[in-house]
Amino acid sequence: MNKSLLKGLSIYSLGLTQEMCGRFLGNNRLQVSGVHMQVSGKCQIAVGDAQSIIRDCLKRQEKPVSIGMNTRSTT
């Protein structure tokens, strides 16, 4: 897990908490702020996912691909 994923999860959790507190208290601004934080957290999670996918692709490109064919006969 990279920093972007952890940051995104923490921002999303904080936003969810803010939204729920805003609903409970009847504070519309707090609720809307929480929703915005959740969206920001989801974006950060997507960035983290993209970074890990790119890293995996780069690792895969570094490994040499051997396309050797087995020509052993089974007769």
Side-chain angles (χ1 to χ4, degrees):
M1 209 179 232
N2 61 18
K3 283 192 267 185
S4 294
L5 287 173
L6 290 174
K7 183 179 175 183
L9 286 172
S10 62
I11 291 172
Y12 180 78
S13 300
L14 183 61
L16 189 62
T17 304
Q18 275 189 356
E19 182 192 3
M20 293 300 147
C21 287
R23 283 186 186 185
F24 179 72
L25 297 173
N27 189 338
N28 216 14
R29 284 186 178 184
L30 185 61
Q31 185 178 354
V32 170
S33 174
V35 171
H36 286 292
M37 284 186 78
Q38 288 178 43
V39 171
S40 176
K42 285 181 182 181
C43 291
Q44 196 68 36
I45 291 170
V47 167
D49 286 341
Q51 285 175 346
S52 64
I53 290 170
I54 291 170
R55 192 176 303 115
D56 290 344
C57 289
L58 290 174
K59 283 181 185 177
R60 211 172 290 137
Q61 282 182 346
E62 289 174 358
K63 293 181 182 178
V65 178
S66 62
I67 308 177
M69 298 174 107
N70 277 341
T71 56
R72 273 193 251 174
S73 62
T74 57
T75 54

Begin with the C-alpha distance, continue with both residues' side-chain angles, and end with the deciding distance and a verdict on side chain to side chain contact (heavy atoms under 4.5 Å, CB included) for K7 and S4.
-> CA-CA 5 Å; K7 183 179 175 183; S4 294; 5.7 Å; no
Minimal heavy-atom distance between S33 and Q18, with the atoms involved, is OG-OE1, 3.2 Å
Just do the side chain to side chain contact (heavy atoms under 4.5 Å, CB included) check on Q31 and N27 with the steps written out, would you?
-> CA-CA 6 Å; Q31 185 178 354; N27 189 338; over 6 Å; no
Nearest heavy atoms of Q38 and G15, plus distance in Å = NE2-O, 3.5 Å
Output for pair (F24 CZ, L30 CG), nearest 0.5 Å, gives 12.5 Å
Verify, without hydrogens or angle tests, whether S13 (side chain) and L9 (backbone) share a donor-acceptor contact under 3.5 angstrom.
-> yes
Measure the spacing between NZ of K42 and CG of D49 and express it to the nearest 0.5 Å.
-> 13.0 Å
For I11 and M37, work out which heavy atoms get closest and say how close.
-> CG2-O, 3.2 Å
All heavy atoms of I45 vs all of L5, minimum pair found to be O-CD2, 3.4 Å
